[in-house]
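The first residue of the sequence shown is numbered 1, and numbering continues consecutively from there. Every value quoted in this text rests on a predicted model; they were computed, and no experiment measured them. Note that ligands are numbered from 1 as they come in the structure, with each ligand's atoms numbered from 1 the same way.
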Amino acid sequence: MTDRLRVGLIGWGTVGAALGELVLHGPLPLTLACVAVRNPARPNLPKGVEIVSPEKALHADVVVELAGGLDGPREWARSALDRGTPYVTANKALLANHGAELAELAERRTAALLGSASVGGGTPMIETVTHLAATGAVESLRGIVNATTTYILSAMGTGRSYGEALREAQEAGYAEADPSFDVDGRDAAQKLAILASVAWGKWRPEREVATSGIVGTEVSAGDTIRLVAEATSDAMTVSPMPIDPADPLARAAGIENVLEITVRDAGVFRIWGPGAGGRVTAGAVYADLARLVAGERPILFGKR
Ligand code: HSE
């Protein structure tokens, strides 16, 4: 294939800038057609690339949305998919609140919808669950899917204060733009809803997750407390809890995410890896783009 895919990138934050770098210098035949931001007057935008409004970026060959939020992204996704344009996003709020509607539209228009980076940062959790769900025998999911809270809780376990640890996670670019999504458990709830939708082949929204966050959680030096996400085919919960040091989940420290998938007649599968950070998360978006370059047209939450 000689044609290069023209990428319209919406969002130039930690992940957007890292993705821009990969599109410009990575191995895939991609062109950074334009970058869209809500405020074109902001500093640090890339030089030599057209800066446009989000609506204009929808005219590229593939739209990558890394802006976050719900209102703009829902309309951008609908508009791109409606004209058959592949849509790649790391926006878990969008997928966990409007995923069914977007997948239906993608199927009607035969447009790809991809969101690897929405869960697990750079760790291919959606892909692993999709693979293991093929036999229809996933029994449960259990894991740690928010890096900021793992970072904070593990730092508090070594004697640092909640405020110091949160500040470090923000400075390193792990936390959401509004870190209350991390510490209130909503980020983990959105990711769990996405994974459960894939595991049981039916879209399940964030509002079905019983969610508690970590604000006010007491951690003494030496404690291993984590924000644990758990799902079965009929219930989803996110809440902080003490973990036995011998529990494999206890191995997730710093920004690591971990997911255990229990499959009937097969056993327990585990996947670990860095769950946040610009380059890490951009790598997952880039892997989605690789599938498009290879001619695949996957639809997250789709029927095929
Ligand atoms: N704020 C998220 C986290 C980023 O801490 O896990 C990755 O989704």
Side-chain angles (χ1 to χ4, degrees), residues 11-19 64-70 73 88-97 99 114-129 141 143-156 162-198 206 209 211-215 217 225-229 238-240 249 252-259 271-288 300:
W12 194 258
T14 310
V15 181
L19 195 263
V64 176
E65 183 263 297
L66 302 174
L70 274 185
V88 179
T89 185
N91 189 331
K92 53 236 158 188
L94 177 71
L95 295 171
N97 286 284
L114 285 151
S116 179
S118 63
V119 183
T123 312
M125 290 188 172
I126 293 179
E127 292 75 3
T128 305
V129 174
L141 303 175
I144 294 170
V145 290
N146 179 267
T148 300
T149 49
T150 308
Y151 184 92
I152 293 172
L153 293 168
S154 44
M156 288 170 79
Y162 172 88
E164 277 167 354
L166 173 57
R167 215 168 22 256
E168 283 170 20
Q170 284 179 290
E171 279 164 13
Y174 305 142
E176 296 301 297
D178 175 356
S180 68
F181 276 82
D182 295 297
V183 298
D184 291 346
R186 289 200 55 191
D187 175 86
Q190 290 162 356
K191 291 167 174 165
L192 183 68
I194 292 168
L195 291 172
S197 302
V198 173
E206 177 193 356
V209 184
T211 306
S212 323
I214 67 157
V215 180
T217 301
I225 296 182
R226 296 288 181 269
L227 186 68
V228 177
V238 165
S239 79
L249 262 59
I255 58 157
E256 277 185 320
N257 279 192
V258 53
L259 182 67
I271 179 166
W272 262 274
R279 169 60 181 80
V280 159
T281 310
V285 179
Y286 198 73
D288 281 349
L300 182 61

Discussion item. Has Ser154 got a side-chain atom pairing as donor or acceptor with Gly254's backbone, closer than 3.5 angstrom?
Written reply: yes
Response to the item:
Near Glu176 (heavy-atom distance under 4.0 Å), the atoms of ligand 1 are 1 (N), 2 (C), 4 (C)
Discussion item. Donor-acceptor check, side chain of Asp184 to backbone of Arg186, threshold 3.5 angstrom: yes or no?
Written reply: no
Discussion item. Looking only at distances, can you tell me whether any N or O atom of Asp182, backbone or side chain, sits closer than 3.5 Å to an N or O atom of ligand 1?
Written reply: yes
Item to complete: Identify, for atom 8 (O) of ligand 1, the protein heavy atom at the shortest distance, and state residue, atom and that distance.
Response: Lys92 NZ, 2.7 Å
Worksheet, complete the sentence: Counting heavy atoms under 4.0 Å, the part of Val119 that contacts ligand 1 is neither
Worksheet item: So, Asn91 side chain and Gly69 main chain: donor-acceptor pair closer than 3.5 Å or not?
Response: yes
Worksheet item: Which of the atoms of ligand 1 are close to Lys191, meaning less than 4.0 Å from one of its heavy atoms?
Response: 2 (C), 3 (C), 6 (O), 7 (C), 8 (O)
Worksheet entry | Where ligand 1 meets Thr148 - atom numbers and elements under 4.0 angstrom, heavy-atom basis | 1 (N), 3 (C), 5 (O)
Worksheet, complete the sentence: Nearest heavy atom to atom 7 (C) of ligand 1, choosing from Gly277, Ala177, Gly275, belongs to Gly275
Worksheet item: Are any side-chain N or O atoms of Lys92 and backbone N or O atoms of Gln190, one a donor and one an acceptor, separated by less than 3.5 Å?
Response: no
Worksheet item: Quick one: does Asp288's side chain have a donor or acceptor within less than 3.5 Å of a partner on Ser116's backbone?
Response: yes
Item to complete: Take Glu176 and Thr148 through the side-chain hydrogen bond (donor to acceptor under 3.5 Å, both in side chains) test and state the conclusion after the steps.
Response: CA-CA 9 Å; Glu176 296 301 297; Thr148 300; over 6 Å; no
Practice prompt. Using distance alone, decide if ligand 1 has a nitrogen or oxygen within less than 3.5 Å of any nitrogen or oxygen in Ala147.
Written response: yes
Worksheet item: Short list, please: which atoms of ligand 1 are under 4.0 Å from a heavy atom of Tyr174?
Response: 1 (N), 2 (C), 3 (C), 4 (C), 5 (O)
Practice prompt. Using atom types as modelled and distance alone, determine if a side-chain donor or acceptor of Thr89 lies under 3.5 Å from a backbone N or O of Glu65.
Written response: yes
